[in-house]
Amino acid sequence: ICEALDITAIRFREEWTYDPQSMAINKKVVAMAPIISLDKKNSGKTFVKGTGKPLFWIKFSKETPVNTVLTKRIISNVPFFGKDDTKALNMDSALIEKYITALISKLKSDSITAYVAFDKLSNKKLSSKDVSETLSGFAKENKKITDIRFLEEWTFDPNTMYLQKKVVGICPLIKEYDAKGGFRGYIILFWVYFNDVWMPFDKKLDLAKK
């Protein structure tokens, strides 16, 4: 018997589109599923934490008003390339790489602005020269962008539970490995923001105006 506490994640099916001028990504949630990740030591159940299994899928046939905020600030990583992500790839990597290439081109031309990326959101801007030099350094080391970190605001309709995501910003990531090929962690590059950003304690970040 599954209990609410056994549900550890939500899996989404999404359609992604983007504005080629601002590079802002829009996510349309078409379905979602609660994920159960049970410990095999828990009453003889067989699922190990981390493997996860969808209980069921909820499909959304059409958009409905979503005016209840679930969270203003949620961060998640999505892999699209990497030797340890064979089972995790869930998108067209070639198209995502094309998007990343266009994003970097606009950053280098000062069409859009990048912000310093640490564990916490930053309001310090990066120049196009800074971006170019940073990426050139990683290219010389044969390191490429492998993941996208999303900053999102989620809203939903309390009646239908239809959920939508507004992508506030993205942060390209590079996977780093040790000499034996073991995964060490992520190299965090920079944030690009598309909408209003709320810092900790509800302090608003003033975005650069072009």
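Considering every non-hydrogen atom in both Gly169 and Phe194, the closest pair reads CA-CD1, 4.1 Å. Leu163 approaches Phe12 most closely through the heavy-atom pair CD2-CE2, 3.9 Å. For Arg11 against Pro54, the heavy-atom pair with the smallest separation is NH1-CG, 3.5 Å. Among all heavy-atom pairs drawn from Phe60 and Val29, the shortest one is CD1-O, 3.9 Å. Taking all atoms of both residues into account, the shortest heavy-atom contact from Tyr186 to Arg149 is CD1-NH2, 4.2 Å. What you find for Cys171 and Leu189 is that their closest heavy atoms are SG-N, 4.2 Å.
The shortest distance between side-chain heavy atoms of Ile96 and Trp16 falls below 4.5 Å. Looking at Ile188 and Leu173, their side chains come closer than 4.5 Å, going by heavy atoms from C-beta outward. A heavy-atom distance below 4.5 Å is found between the side chains of Leu126 and Val116.
Hydrophobic clustering (ILVMFWY, side-chain heavy atoms < 4.5 Å, transitive): Ile10 and Val30 are in distinct clusters. Two different hydrophobic clusters hold Tyr162 and Trp57 under the rule that ILVMFWY side chains link at heavy-atom gaps under 4.5 Å. Taking hydrophobic clusters as Ile, Leu, Val, Met, Phe, Trp and Tyr residues chained together by side-chain heavy-atom distances below 4.5 Å, Leu103 shares a cluster with Phe138.
A distance of 9.0 Å separates OG1 in Thr68 from CE in Met161, rounded to the nearest 0.5 Å. Here Met23 contributes atom CE and Ile25 contributes atom CD1; the two are 7.5 Å apart, rounded to the nearest 0.5 Å. One finds the OG1 atom of Thr113 at 16.0 Å from the CH2 atom of Trp191 (value rounded to the nearest 0.5 Å).
Using cut-offs of 30° and 60° for the angle between ring planes, the Tyr18 and Tyr99 rings count as perpendicular.
Formation of a donor-acceptor pair under 3.5 Å by the Thr146 side chain with backbone atoms of Lys175 is found in this model. With hydrogens and angles ignored, the 3.5 Å screen pairs a side-chain donor or acceptor of Thr101 with a backbone N or O of Glu97.
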- Message: side-chain contact (heavy atoms from CB on, under 4.5 Å), that's the test. Do Phe80 and Ile145 meet it? Break it down for me.
- Response: CA-CA 9 Å; Phe80 66 92; Ile145 295 170; 4.0 Å; yes
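Because its NZ or CZ atom is both nearer than 6.0 Å to the ring centre of Phe150 and within 45° of the ring axis, Lys27 counts as a cation-pi partner of that residue.
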